[in-house]
Structures are given as structure tokens and as C-alpha cells.
Amino acid sequence: MAAPSAAQQRIVIENAAIATVDAHDTEYATGHLVVAGNKIESLGAGRAPEGLENVVRRIDATGHLITPGLVNTHHHFYQWITRGLATDHNLFNWLVALYPTWARIDESMVRTAAQGSLAMMARGGVTTAMDHHYVYPQGSGDLSGAIIGAAADMGVRFTLARGSMDRSEKDGGLPPDFAVETTEGALTATEETVRKYHDASFDAMTQVAVAPCSPFSISTELLREGAALGRRLGVRMHTHGSETVEEEKFCHELFGMGPTDYFESTGFLGEDVWMAHCVHMNDSDIAAFARTKTGVAHCPSSNARLAAGIARVPDMLKAGVPVGLGVDGTASNESGELHTELRNALLINRLGAHREAALNARQALRLGTYGGAQVLGRADSIGSLEPGKLADFVLWKIDGLGHSSIADPVTAIVFGAAAPVTASFVNGRQIVENNRLLTADEDAIARDARAEAQRLARIAAQG
């Protein structure tokens with residue numbers, strides 16, 4: 001008899017608490033999960049069905065909570081090698097301080113920084129990551145290919161938001177002149193990246209979005225043509241929006257309208273668009289996002305680190321705006337982790353107008369899982385534990401010192417300390433075991449990242 005194919009092989013996990021994050025927030029105090037190939041075959045209360053064939057592995061998950069894998073919706077991987085700088089700056093001054101350094105990155109630096117960013121997220125329960133990379137200095141090499149290759153090697157599901165900038169210092173923008181592209185060059189390079197790497201299939205491991213950087217660093221033409229390009233190619237679009245009061249002032253002075261109205265005037269709102277931050281949104285802005293189904297990447301730690309403010313997440317959710325969580329660049333979130341953002345999103349939003357009613361533990365978990373899948377346009381395949389969806393899930397250890405006295409498992413991982421990840425699976429493949437990566441050498445990545453950070457610092461110092 002022939003051996004079962006990979007698609008027929010089953011993994012059976014039993015004796016775990018399960019939070020499915022499905023439409024009904026179904027949970028099991030003690031349940032099972034069966035994986036067949038790269039998909040979830042079944043799950044439910046109690047033990048797995050008897051008589052399952054082709055079972056290649058059984059896991060006793062006593063003392064664990066199983067959730068969908070975390071989905072990161074906004075990041076800048078290259079910043080891994082510029083962490084810990086300009087730590088007492090607001091966003092604008094932070095950008096001014098760091099752009100001269102970022103403008104010197106090259107392919108080797110970007111690959112190593114991507115490895116560090118991905119490793120930190122993956123071992124903390126992220127199964128789907130994204131990177132908004134927008135710095136393409138002249139002669140710096142194949143930066144997009146380096147990032148995508150790092151994600152493939154790590155075994156993480158990935159979206160590259162191929163960013164771009166065409167407004168430099170000479171045009172009133174922030175980045176140095178040699179760190180930007182021409183409008184035509186940016187659009188051409190973005191289209192080439194989509195055609196080379198984007199996979200539209202159900203179980204795609206790599207997707208590409210069109211992602212002009214921000215109003216501070218792009219022309220109206222690049223934003224408008226970027227939206228048209230994304231729709232012509234059938235991919236999603238991403239940018240930064242309404243992050244600071246300075247951006248609000250900039251848009252009114254330059255365009256005669258606020259950021260949301262400006263984005264809508266260029267075609268950059270819609271169910272195929274998601275924005276990072278969205279901190280300074282009035283009722284009209286939120287209504288526009290709800291009407292157009294534009295998504296939001298909420299980055300609570302970075303917003304606090306850069307003193308940007310508190311996004312109105314409860315009001316967005318009430319209005320029906322899709323909201324996910326983002327790490328943001330690790331030069332404004334030095335930990336580089338997403339699982340800590342579950343807690344930070346809950347706590348920071350409780351400092352806002354809604355106070356203790358702002359978010360609860362299950363809403364926070366939904367932001368980090370299903371909400372992120374919505375924002376990336378992949379809610380049909382990831383973000384919740386349901387039969388037929390892709391086998392992207394995490395086993396959180398909750399019977400140890402940090403969590404054993406918290407009775408409710410979801411409360412334990414959201415309110416408690418960052419829970420250890422005993423196992424993380426992507427597409428049915430285990431990539432983390434006992435808080436260590438199975439797909440990469442963490443110590444080697446740390447050494448390489450330190451060397452590249454030092455090299456970049458030397459180059460930047462030389463001007």
C-alpha cells in the first residue's frame with residue numbers, strides 16, 4: 001500500500017482549551033484539533049474522533065490554550081538594525097533623525113533585519129506577517145527579494161507591502177533626495193514586484209500589496225496612480241494615515257483637506273485598502289472608513305512610543321471598520337513582538353474616552369487574529385479556527401508560573417505576562433517549539449544583526 005500523501009497525513013492535538021475566534025466566539029474548555037495536510041479538518045469538545053487514519057503525530061496539549069496564529073498588519077523590518085535611537089522624539093523629529101541613516105541601507109542589511117524582525121514575531125505566535133518597505137536607495141540591491149526570501153526561509157505566511165517615496169527634501173518631503181524613486185520608477189518597480197511574487201491562491205504563502213509611504217513623502221500622483229495600479233492588478237493597497245496632528249496640519253495646508261478626505265479624493269479608500277495608525281480620526285473620518293470598508297492597522301506601542309496619541313478603536317469597531325494589530329517598525333517598538341500588543345491595545349484604549357468599557361480580552365484577541373486577517377484580505381483562509389481553514393495556530397502554555405492562577409485562558413494570555421509558545425504551526429508545518437524557532441538559528445541572526453547595525457552606523461557617521 002502506498003504511503004499517505006502530505007495532504008492525507010493528520011496531526012491530532014487533544015486536551016487543550018481552544019478559542020476559535022469564529023463568528024460566534026466558540027470556545028472549548030477541553031477540546032481537540034485535527035489537521036489534515038495544511039488545513040484544519042475538525043475541532044470540538046473532548047477527545048478527537050476514534051479511528052482516524054494516517055495519523056502521523058499526536059500532541060497532548062494539557063495546560064495549553066490553542067488560538068489562531070497572530071496576524072501582523074503593519075511593520076518595517078529594516079528598522080531592526082536601528083533600534084534604540086531617538087528614544088525621546090515625537091514622530092516628526094524621529095523621522096528627521098533617522099532618515100539619513102535609513103537612506104544608507106543595502107540588500108545585506110535588509111535581509112538580516114528582516115530575519116531578526118520575523119524571528120522575533122514568529123517565536124511569539126505570529127503566523128502571518130507583513131512588511132511595509134518603502135526605502136529603496138539607489139544602488140542598494142534587490143531589497144524586495146531579500147525580504148520575501150527571509151520570510152520564505154522562516155516559514156511564515158507573508159505580505160510584502162511594496163512601498164515607495166517620490167517626495168524628497170528638495171520637494172518639501174522628509175527623506176534625503178537619493179533615498180527616493182521617481183514616480184514612474186516607483187510604479188514600474190511595484191508592478192514588477194507584484195507580477196513576480198504575488199500569489200492569489202487560497203493557501204498563498206506570499207502576497208504583495210501596493211503601498212506608497214505617507215503624505216509626508218509621496219506626491220498626489222503617486223498615491224492616485226498607486227490606487228489605480230493596485231486595482232488593475234487585483235491586489236490590496238496600504239499606506240500610513242492620520243498618524244499625528246502634524247500630518248493633519250500638513251494635509252490641510254498642502255491639499256486644503258484632512259487626510260481621510262485627501263485619501264478618498266485619490267481613490268485610496270476602499271475594501272481593498274488598509275491604513276496604518278489612524279490615530280487622529282473624527283466622526284466623519286470613521287464614518288468614511290466604515291462606508292468604504294477601509295481597514296486599520298492599530299499599533300498601540302508605537303503610537304505611545306512616539307507620543308502620537310490614542311486611536312479611537314472602540315468607535316471604529318462599533319462603526320464596522322475592520323481593525324487589526326501591528327507591531328510597526330522596531331525602531332519605534334523595540335520589542336518587535338505582536339503578542340504583547342494584545343495587552344497594550346487593551347490597556348491603552350482603556351485610557352481613552354470609553355475607559356474600562358473600551359476593549360475586553362476577547363476583543364483584543366480578535367484584533368490580533370481575525371481582525372488582522374480581515375485587514376489583509378484573508379479572512380476566508382486564516383484568522384479563526386474552523387474546518388477548511390488553513391492550519392495556522394498557536395499552543396500557548398498557560399499552566400506555568402505566569403498564568404496558572406488565572407482561571408480564564410483568554411484572560412491569561414491577554415492580561416497576563418507574554419505567554420510562552422510551546423508550538424506554532426503555519427500551513428500545517430511546525431515552525432516554533434518551546435519558544436525557539438525550528439526554521440532558523442536565532443543566535444546566528446542576533447550576531448548578524450548586531451554586525452549589520454554596526455556597519456550601518458559607521459556608514460551613516462561617514463555621511
Side-chain angles (χ1 to χ4, degrees), residues 69-87 89 91 94 98 101-102 105 109-135 146-147 150-151 153-161 163 240 276-277 297-306 308 324-345 348 367-368 372 394 396 413 417-421 424 426 431-432 435-437 439-454 456-457:
L70 300 183
V71 179
N72 182 30
T73 62
H74 186 66
H75 212 312
H76 307 297
F77 290 176
Y78 74 92
Q79 293 180 14
W80 186 261
I81 55 174
T82 60
R83 294 190 296 163
L85 304 177
T87 55
H89 291 46
L91 174 69
W94 176 81
L98 291 178
T101 298
W102 294 339
I105 59 174
M109 294 175 189
V110 167
R111 179 183 296 105
T112 298
Q115 290 170 337
S117 295
L118 286 159
M120 201 68 188
M121 284 188 293
R123 74 174 197 174
V126 169
T127 55
T128 297
M130 71 79 69
D131 184 28
H132 185 192
H133 188 85
Y134 53 84
V135 183
I147 298 163
D153 291 343
M154 200 74 63
V156 173
R157 206 175 298 282
F158 181 61
T159 294
L160 174 68
H240 297 86
H277 303 297
H298 177 44
C299 306
S301 292
S302 178
N303 293 343
R305 182 352 182 136
L306 296 173
L325 292 181
V327 172
D328 202 9
T330 45
S332 66
N333 178 346
E334 274 71 10
S335 79
E337 298 173 305
L338 190 69
H339 59 320
T340 56
E341 297 303 293
L342 301 176
R343 185 174 193 262
N344 290 343
I348 288 175
L367 289 177
V394 180
W396 307 94
I413 67 164
V421 174
S424 183
V426 181
I431 66 167
V432 174
N435 260 41
R436 295 289 292 184
L437 289 166
T439 53
D441 184 336
E442 295 178 26
D443 296 331
I445 291 173
R447 289 192 299 271
D448 292 346
R450 183 173 181 83
E452 292 290 16
Q454 292 172 340
L456 176 58

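Source: prediction; values computed, not measured. Quick note: residue numbers are just sequence positions, from 1. We use all heavy atoms of the structure for the numbers below, so side chains are in, but hydrogens, waters and symmetry mates are not.
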For [X] versus [Y], what's the shortest heavy-atom pair and its separation?
{"X": "Gly336", "Y": "Thr330", "result": "CA-CG2, 3.5 Å"}
{"X": "Val421", "Y": "Gly124", "result": "CG2-C, 3.9 Å"}
{"X": "Gly125", "Y": "Val394", "result": "O-CG2, 3.4 Å"}
{"X": "His339", "Y": "Ala418", "result": "NE2-CB, 3.5 Å"}
{"X": "Ile348", "Y": "Ala304", "result": "CD1-CB, 4.1 Å"}
{"X": "Val432", "Y": "Ala122", "result": "CG2-O, 3.4 Å"}

Roughly how far, to the nearest 0.5 Å, is [atom2] of [Y] from [atom1] of [X]?
{"X": "Gln115", "Y": "Asp153", "atom1": "CD", "atom2": "CG", "result": "7.5 Å"}
{"X": "Asp131", "Y": "Ile147", "atom1": "CG", "atom2": "CD1", "result": "4.5 Å"}
{"X": "Leu367", "Y": "Leu70", "atom1": "CG", "atom2": "CG", "result": "11.5 Å"}
{"X": "Ile105", "Y": "Thr101", "atom1": "CD1", "atom2": "OG1", "result": "11.0 Å"}
{"X": "Ile445", "Y": "Leu118", "atom1": "CD1", "atom2": "CG", "result": "8.5 Å"}
{"X": "Ser302", "Y": "Asn333", "atom1": "OG", "atom2": "CG", "result": "6.5 Å"}

Backbone N/O of [Y] and side chain of [X]: donor-acceptor pair under 3.5 Å:
{"X": "Glu442", "Y": "Ala119", "result": "no"}
{"X": "Arg157", "Y": "Val71", "result": "no"}
{"X": "Asn72", "Y": "Val327", "result": "yes"}
{"X": "Glu341", "Y": "Cys299", "result": "no"}
{"X": "Thr73", "Y": "Leu325", "result": "yes"}
{"X": "Asp448", "Y": "Thr112", "result": "no"}
{"X": "Glu334", "Y": "Gly84", "result": "yes"}

Inset, instruction - Could you list the residues that satisfy side chain to side chain donor-acceptor pair (under 3.5 Å) with Gln454, not counting sequence neighbours? - result: none
Legend entry - Verdict with reasoning, His74 to Asp328, per side-chain contact (heavy atoms from CB on, under 4.5 Å): CA-CA 5 Å; His74 186 66; Asp328 202 9; 3.1 Å; yes
Inset, instruction - Tell me, please, which residues at least two apart from His75 pass ring-ring contact (aromatic ring centres under 6.0 Å, His included). - result: Phe77
Legend entry - Partners meeting ring-ring contact (aromatic ring centres under 6.0 Å, His included) with Tyr134 (sequence neighbours left out): His76, Tyr78, His132
May I ask you to test the [X]-[Y] pair for a side-chain heavy-atom distance under 4.5 Å?
{"X": "Ser335", "Y": "Thr340", "answer": "yes"}
{"X": "Val126", "Y": "Met120", "answer": "no"}
{"X": "His277", "Y": "Leu91", "answer": "no"}

Inset, instruction - Decide, yes or no, whether a salt bridge links Arg111 with Glu452 under the criterion of side-chain N to carboxylate O below 4.0 Å. - result: no
